[in-house]
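Working notes, beginning with the structure itself.
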Amino acid sequence: MGLASWLIVKGLPLVPKAIVGRVASRYVAGANLDAALATVEKLAGEGAMATLDLLGEEVHDQARATAAVAEYERMLDAIAARALPSNVSIKLSLLGLKIDESFCRGNVERLVAAAGRHGNFVRIDMEDASTTDATLRIYRDVQARHRNLGVVFQAYMRRTLRDIEELPRQSANVRLCKGIYVEPRAVAWKGHETVRLNYLQALEKLFTRGVYVGIATHDEHLVCGAVALADRLGIGPERYEIQMLLGVEPELRRILLAGGHRLRVYVPYGRDWYPYSVRRLRENPEVAKHVLKAMFRGA
Ligand code: FDA
C-alpha cells in the first residue's frame with residue numbers, strides 16, 4: 001500500500017460518511033432485500049452462487065436482534081420462493097451475542113431450523129477474537145442438532161490449527177479466510193506471507209479431515225495454492241468452493257467461473273453499511289485514488 005493510501009486508511013474515520021458510502025457502494029448490494037435478491041439473480045446469471053448477509057453488528061438491544069432474525073427468515077423464504085442458488089451468512093453480534101449467549105444461541109437455532117425447512121444452509125461469520133470462543137461454542141452446540149450450519153476460521157489466528165481438531169466429526173463445513181479484524185500479535189500471526197502459509201496449512205488439515213471448505217480469498221497466490229493442494233490430495237470439486245466478496249476482484253471471479261470452478265459471492269445488504277464498508281475500503285489497495293476522486297467530485 002502506497003503512502004497516500006496509508007494516509008487515507010488512517011484518516012478514514014474523518015472522511016464524510018457520504019463519501020465513504022459513495023466509494024464503498026460497490027461492496028454492498030443495496031439497502032433492502034429486493035436489491036440484494038436482484039444482485040443474487042444477476043450473479044446466478046453469471047453462474048455464481050451467493051450467500052446473503054444482513055449488515056449490522058454489535059447489537060445491544062434484544063428488539064434489534066429479534067428484528068434481524070425476522071429479516072433472515074424473510075430472506076430464507078424469498079430465496080426458496082425464487083429458487084435462488086444462495087444460502088445465508090450471519091454475524092452473532094447482530095443476533096445478540098453481546099447481550100446474552102443463550103439468547104443468541106436460541107436465535108441461531110431458530111434460523112438454522114428455518115433454513116433446514118427450506119433445505120438451505122446457514123454460515124456463522126467469524127468476528128473479532130473476543131468472540132471466537134463463544135462463536136465456536138454456539139456453532140458446536142447447534143451443529144450437533146442441525147447439520148445445515150457452518151462456521152468460519154481465520155488463517156491469521158494462531159489457534160486455528162487447534163480449532164480444526166475440535167470440529168464435529170460429521171458434516172463439518174468451514175469457510176477459510178485470512179481474517180479482517182485488527183488483532184494483537186499474541187493471538188494473530190503477523191505478516192502477509194506468514195498468514196498465507198498458515199492458510200495453506202489450515203486448508204490441508206481441513207481437506208485431510210474430510211471437511212467441506214469454502215476457500216474465501218481474492219489472493220491469486222492462495223487460489224492457485226488451494227487448487228494445487230486439492231489436486232495433490234485428490235480432493236474432488238464437490239468438496240470445496242471458492243468464495244469472494246461482492247465488489248472485489250470481479251475479473252478474477254469471471255476467470256474462475258469460466259475455468260469451471262464452483263464459486264460463491266458474499267452479498268451484504270442493509271442500512272447498517274458503515275463498519276463493513278470501512279473494513280473493505282481499508283483492504284482496497286487503490287483506496288486513496290477512489291476516495292480522492294469522490295472528494296473532488298463532491299459528495
Ligand atoms: P488480500 O487482502 O491479500 O487481497 C488479495 C487481493 O484482492 C488484493 O491484492 C486486491 O487486489 C484484492 N482486494 C482485496 N480486498 C479488496 C477490496 N476491499 N477492494 C478491492 N480489492 C481488494 N473475515 C473475517 O474475519 N471473518 C469472516 O467471517 C469473513 N468472511 C469472509 C467471506 C468471504 C466470502 C470472503 C472472500 C472474505 C471474508 N472475510 C472474513 C475477509 C477476509 O478475512 C479478508 O480480509 C479478505 O478476504 C481479504 O483477504 P484476501 O484473502 O482476499 O487477500
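These values consider heavy atoms only, across backbone and side chains, with no hydrogens, waters or symmetry-generated copies. Both ligands and their constituent atoms are indexed starting at 1 by order of listing.
- Near His192, with a cut-off below 4.0 Å to any heavy atom, the atoms of ligand 1 are 3 (O).
- With respect to Lys91 and Asp272, no salt bridge is recorded, no charged nitrogen being found less than 4.0 Å from a carboxylate O.
- Under the 4.5 Å side-chain heavy-atom criterion for Ile, Leu, Val, Met, Phe, Trp and Tyr, Met49 and Val122 are members of distinct hydrophobic clusters.
- For Arg175, a nitrogen or oxygen atom sits less than 3.5 Å from a nitrogen or oxygen atom of ligand 1, counting backbone and side chain alike.
- Some N or O of Gly179 is nearer than 3.5 Å to an N or O of ligand 1, by distance alone.
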> Could you go step by step and tell me if Arg264 and Glu241 meet the salt bridge (charged side-chain N to carboxylate O under 4.0 Å, His left out) rule?
Replying inline: CA-CA 7 Å; Arg264 188 179 302 276; Glu241 63 192 40; 2.5 Å; yes

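- Only one option out of Leu111, Leu52, Asn107 pairs with Tyr72 in a side-chain contact (heavy atoms from CB on, under 4.5 Å); it is Leu111.
- Of all protein heavy atoms, the one lying nearest to atom 45 (O) of ligand 1 is Glu283 OE2, 2.3 Å.
- For the pair Glu283 and Lys178, the salt-bridge criterion is not met [side-chain N within less than 4.0 Å of a carboxylate O].
- Residues Val278 and Tyr27 share a hydrophobic cluster, clusters being chains of Ile/Leu/Val/Met/Phe/Trp/Tyr side chains in contact below 4.5 Å.
- Each of the atoms 50 (P), 51 (O), 52 (O) of ligand 1 lies under 4.0 Å from some heavy atom of Thr217.
- Around atom 24 (C) of ligand 1, the closest heavy atom drawn from Asn284, Ile180, Leu252 belongs to Ile180.
- Side-chain N or O atoms of Arg239 include one that pairs as donor or acceptor with a backbone N or O of Phe207 at under 3.5 Å.
- Ligand 1 has an N or O atom lying under 3.5 Å from an N or O atom of Gln154, backbone or side chain.
- Listed by atom number, the atoms of ligand 1 under 4.0 Å from Tyr27 heavy atoms are 17 (C), 18 (N), 19 (N), 20 (C).
- Here Arg253 does not pair with Glu249 in a salt bridge; the nearest charged N to carboxylate O distance is not below 4.0 Å.
- Salt bridge annotation for Arg232-Glu204: present, with a cationic side-chain nitrogen under 4.0 angstrom from a carboxylate oxygen.
- When heavy-atom distances to ligand 1 are checked against a 4.0 Å cut-off, Lys178 comes that close through both its backbone and its side chain.
- Protein heavy atom in closest approach to atom 6 (C) of ligand 1: His218 O, 3.7 Å.
- Heavy-atom contacts of Asp125 reach the following atoms of ligand 1: 28 (O) (cutoff under 4.0 Å).
- Ion pair Arg254/Glu251 not flagged as a salt bridge, since none of the NZ, NE, NH1 or NH2 atoms sits closer than 4.0 Å to an Asp/Glu carboxylate oxygen.
- The shortest N or O to N or O distance between Val248 and ligand 1 is not below 3.5 Å.
- Residue, atom and distance of the protein heavy atom nearest to atom 26 (N) of ligand 1 are Met126 O, 2.8 Å.
- Distances below 4.0 Å separate heavy atoms of Pro285 from the following atoms of ligand 1: 10 (C), 21 (N).
- In this structure, NZ in Lys190 is found 7.5 Å from CD in Glu183, a value given to the nearest 0.5 Å.
- Distance check, rounded to the nearest 0.5 Å: CD1 of Ile180 to CG of Leu245 gives 9.0 Å.
- Nearest to atom 11 (O) of ligand 1 among the protein's heavy atoms is Glu249 OE2, 3.2 Å.
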- Run the salt bridge (charged side-chain N to carboxylate O under 4.0 Å, His left out) check on Glu238 and Arg262 step by step: do they pass? CA-CA 8 Å; Glu238 73 292 348; Arg262 275 153 46 82; over 6 Å; no

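- Of all atoms in ligand 1, numbered sequentially from 1 with element shown, those under 4.0 Å from a heavy atom of Tyr181 are 25 (O).
- Between Tyr156 and ligand 1, a contact under 3.5 Å exists for no N or O pair.
- Polar contact with ligand 1: absent for Val152 (N/O pair, distance under 3.5 Å).
- Polar contact with ligand 1: present for Arg280 (N/O pair, distance under 3.5 Å).
- When hydrogens are left out, the protein atom nearest atom 33 (C) of ligand 1 is Leu245 CD2, 3.5 Å; that is the closest non-hydrogen contact.
- Shown here, atom 4 (O) of ligand 1 is out of close reach of the protein: none of its heavy atoms lies under 4.0 Å off.
- When hydrogens are left out, the protein atom nearest atom 29 (C) of ligand 1 is Cys177 SG, 3.8 Å; that is the closest non-hydrogen contact.
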